[in-house]
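Step one of this worksheet: look at the structure below.
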There are 2 protein chains.
Amino acid sequence: MNPEFHTYKNPSLAVDLVVFGYHRQSLSVLLLNRKDAPFKDGWTLPGGFLQMEETLQQVCNRIMRTKIGIENLYLEQLYSFDAPQRDPRGRVISIAHYTLINPERFEIIAGKMANDVQWFPVNQIPELGFDHTEIFRQASQRLKSKILYHPVGFELLDETFTMTELQALYECILDISIDRRNFRRKILDAGFILLTGSKREGLKNRHPDLYKFNKDLKQNSFQLNISSPQ
Amino acid sequence: MNPEFHTYKNPSLAVDLVVFGYHRQSLSVLLLNRKDAPFKDGWTLPGGFLQMEETLQQVCNRIMRTKIGIENLYLEQLYSFDAPQRDPRGRVISIAHYTLINPERFEIIAGKMANDVQWFPVNQIPELGFDHTEIFRQASQRLKSKILYHPVGFELLDETFTMTELQALYECILDISIDRRNFRRKILDAGFILLTGSKREGLKNRHPDLYKFNKDLKQNSFQLNISSPQ
DNA sequence: TCTTCTTTGCGTTATTATGACACAAAGTAA
DNA sequence: TTACTTTGTGTCATAATAACGCAAAGAAGA
């Protein structure tokens, strides 16, 4: 190993997470209330430093497990944020990621580092510490773009779901209203969901068609090109 | 400042650059032949470590200046590569970027760290050191996607250009052939180039229409949706 | 049980976007 | 002068899309 190699002085490396949760037709983001400086008592995204042996995916899972109590998520790398003054403690490069979870499946707990953990609707995000407002903004934009050509978002639904539920998810994430019949046609033409015969428990007398994600989909890409009525 | 902060042991941080050059209707990538281990005498992407006070953009410019002799580029962040064994010297996270340049405008020189610097056509890239083959592959894919909805690639042309020149660039980057008349219609409908009256010098008796990039374009996004004939 | 309202599945139609291709004018080369 | 190539500008048949109708089935209320 190059002897100079580990004496090379360079910035610290961290990750920050934008955790999206979809529940009762509302899209939220998970925020931590900081117990310590900087930004003590302020809201920030969950994050943490990368340890020597960890991959980015591992550090994201570690943060979710220790700070929030959940892990094993759909995870996507977003962007690296490098402004020199973004962290008052020193030079930190943050590789931001975002995840999607169904809040009903987890019990969120504040880890020992935080006063509180709370879901905030995406249109009611408070001022955030560091450059996390910008990170959140970019994550929202990426999610909106990605859902139009990639079957993201199924992590937020049950294994089987109705067409109405799927449409509500799209309308919520994209923040638009979509014509019910055109949405159905485009989603089915895209071929990434399948009709399933099984009725869902808990729905007594309703029999709307139930669908599930088509995991055998050849190409993992399509073009929804959704637009709203009028 | 947190006293623990700078004693935190974490991976080194580097950038790698995929430098695309377009010249004589051929798309190439700039590669370095390494003078030192690891991968001595092997081809790799240009890259370097991030210094404490540098932004990502600054380190990219420094690498281009010192290793290749050019700077001030169109630059886009691509992705962070974090495989634990990607660098045999130790743990290095690389934040890959890609750039577009017109090779005619620069004289490429091998910096003191490299045996040689050479352009390779994108379909004749040799085996690369580290994980640079994968980085190159992702950069190519990103460039192909991006050019369909964002006016990238104008860095590779002169300030004014003919429709045929612009189409050749698209055909080269996308590696498809496009119907001349449909391409013209879509590009003009997108509204991101303008007709300019000025004739270009050096073209004596030819007067094809000359266009230039519309810098006043409101939204910096469109949808080309180009497809090839037949 | 009867009536009313909502939800859901499955259509149709007018408009627009797209792919394929024709043609003439002007420059180029022989 | 005569091909040949390049460039600008169309047309047209087809496909994709947005907007919307309608009937069947459940839900809700009397």
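Throughout, a chain's letter reflects where its sequence line sits, starting with A, and its residues are numbered from 1.
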Any Lys/Arg nitrogen of A:Glu159 or A:Lys212 sitting under 4.0 Å from an Asp/Glu carboxylate oxygen of the other? no
Out of C:dG9, D:dT9, D:dA18, which has the shortest distance to the side chain of B:Arg180? D:dT9
Return the value, rounded to whole Å, for the distance between atom CD of B:Gln167 and atom P of D:dG8. 11 Å
Could you state the atom-to-atom distance from CD1 of B:Ile187 to C1' of C:dT18 in whole Å? 15 Å
With distance as the sole criterion, do the side chain of B:Arg185 and the base of C:dG19 form a donor-acceptor contact below 3.5 Å? yes
Nearest-Å distance, CE (B:Met163) to C1' (D:dG8)? 10 Å
Please state how far atom CD in A:Glu165 lies from atom C1' in C:dT8, giving the value in whole angstrom units. 13 Å
One should read off an interatomic distance between A:Arg34 CZ and A:Asp116 CG, to the nearest 0.5 angstrom, of 14.5 Å
Apply side chain to side chain donor-acceptor pair (under 3.5 Å) to B:Thr196 and B:Thr160, showing your working. CA-CA 8 Å; B:Thr196 171; B:Thr160 64; over 6 Å; no
Between A:Arg181 (CZ) and D:dC22 (P), how many Å, whole number? 11 Å
Aromatic rings B:Tyr98 and B:Phe20: how do their planes relate, parallel, tilted or perpendicular, breaks at 30° and 60°? perpendicular
I want to confirm an ordering. Mapping B:Asn182 and A:Asp209 to their closest nucleotides on DNA chain C, which one lands closer to the 5' end? A:Asp209
Rounded to the nearest 0.5 Å, what separation is found between the CG atom of B:Asn123 and the CG atom of B:Asp175? 7.5 Å
Check the phosphate of C:dT7 against A:Thr164, side-chain N and O only, distance under 4.0 Å to OP1 or OP2. Yes or no? no
B:Asp179 CG - C:dA22 P separation (whole Å): 11 Å
Expressed in angstrom and rounded to an integer, what is the separation of B:Phe161 atom CZ from D:dT6 atom P? 20 Å
Among C:dG19, C:dC10, D:dC20, the nucleotide that comes nearest once only the side chain of B:Lys186 is considered: C:dG19
Using atom CG of A:Leu195 as one end and atom P of C:dG9 as the other, report the distance to the nearest whole Å. 9 Å
Do the side-chain N or O atoms of A:Thr162 get closer than 4.0 angstrom to the phosphate oxygens (OP1, OP2) of C:dT8? no
